[in-house]
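Heads up: numbering here begins at 1 and tracks the sequence. Just follow the structure's listing: the first ligand is 1, and inside any ligand the first atom is 1. Please read all numbers here as calculations on a predicted model, not as lab measurements.
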Amino acid sequence: MLLLVIPAQAQQHTRFTHADTLRGTITPERAWWDLAFYHLRVRVQPVDSTLSGSTLIRYRVLKPGQVMQVDLQKPLRVLRVEQDGKQLAVRQDGNAYFVTLAKAQKVGQTEAITVSYSGKPRVAKRPPWDGGLVWSHDKAGNWFIATACQGLGASAWWPCKDHMYDEPDSMAITVTVPEDLMDVSNGQLRQVTTNPDHTRTFDWYVQNPINNYGVNLNIARYAHWSEVYEGEKGKLALNYYVLPEHLDSAKAQFKEVPRMLKAFEYWFGPYPFYEDGYKLVEAPYLGMEHQSSVTYGNHFRNGYLGRDLSHTGWGLLWDFIIVHESGHEWFANNITYRDVADMWIHESFTNYSECLFTEYYWGKAAGAQYVIGCRANIRNDKPIIGTYNVNHEGSGDMYYKGGNMLHTIRQLVGNDDKWRQMLRGLNKTFYHQTVTTNQIEQYMSQQAGLNLKPVFDQYLRDTRIPVLEYRPVADGFQYRWVNTVPGFSMPVRVCLGESGPYQVIQPTAQWQKLSARGVKTLTVDANYYVLSRRVAE
Ligand SMILES: [Zn+2]
């Protein structure tokens, strides 16, 4: 999702509730059926901030089951659930609804239910970090409405299977709004219908699997323009939607989009959703990686709201939201975490995409300075991986520390072409999939030909930063790792003295010796996110 600013809800959960378990676990009532298709139909009524509509959920029966869990958060209410036109019995447990199906569910069959709902959805307090619906206005007084729900969950505004492990193969999104407004959702706009009741209906269709928080509404009196990008997989439609009052500045600023695509297709492979196009849509909050309709609220300025998160100057040369949120098309929308505890898979790689974008246009040293500069934002407060099965995110260090972990692993790989092929390989191997940390770790270890497990353990599951301790001895140095997890023996590049030729050493937890006469210090290559310390002889 988002970016830096540490969410207000950063206070830690130490105890999890029954509701957290229902939200975050692949419960038996979720596990037996596999999402095939959603058709979300929703009417948005700004005048009283209500939503009403239904989700058709088409699913494949994987194993025997008669009770389905569907999620919808209060204060919205499920009105009715039907299968084959017959109303079903529903038991509510907080934000979860357990639907008892009347007819036998045969393994291998595809079935569907329709869940009707309505109500006033939760209003976002601080989007996108504390999400929900945003009811805002443009300068001319027209409605400017959006959804943002990462972490909170899509069930904050529509009924769904609100767990990230399962994605439908495709999705239709039909949105009815007052006739003077338009809705921009995900995928391609197939049809616009004018209704007799002074509303219009926008039919969007997503041809690819989509994660639930990626689904979005953006409703305004948008100005629109488009262009075609010639990319790795052919022609890609780029569509831009902004408030009319920002059209000129947006047309200038959004020139970043083809530049972004060029850099990211180079590093990560083809944009993962050619069939659905790419859209950049102005929203009444900072930004979010909504799949194929990235939302933008960075005020048409470079940097992150005009600031450089790396403190090096490089971050002022490009638009943070365009680059970061679009980077998520590869790492978040293409490769998606199964459990939000593994959110680093989205944010660490996307933080690193900022470095790679910088490197693509300003060279390798610039990219390295950027990612190293971001270290100032690392807190080492708690592990990056959160608690599984309770919808719990780990530390915000998943951004800058995660990016620096990847930059460190790149040093271990020691071959930029191979590194790039690994990044492209991840996007190919896990194309349109939901994944676990273990899958990413194993893939990267295999491709690198290195056991990276202790490195991932150190940076993702521990808060300590490795320290290279060294001490002068008669004709050189002794050195070792301290502050590390068991088995940590990461090679590291050092030079003797303050500068000079670098060499790779292989420290472990035991002292080893390096011959070097008359030299008093060791300097570690700054590309490695480690510390070093000279200790007494
Ligand atoms: Zn992000």
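At least one N/O/S atom of Glu347, from backbone or side chain, sits under 2.8 Å from the Zn ion (ligand 1). In summary, no N, O or S atom of His346 is located under 2.8 Å from the Zn ion (ligand 1).
With respect to Glu441 and Arg461, a salt bridge is recorded, a charged nitrogen being found less than 4.0 Å from a carboxylate O.
Within His324, the N, O or S atom at minimum distance from the Zn ion (ligand 1) carries the name NE2.
When only modelled atom types and interatomic distance are considered, Ser348 and Asn351 share no side-chain donor-acceptor pair under 3.5 Å.
In summary, the aromatic rings of Tyr370 and Trp318 are positioned with their centroids under 6.0 Å apart.
Note on ring orientation: taking the six-membered ring where Trp is involved, the planes of Phe268 and Trp330 are tilted (angle from 30° to 60°).
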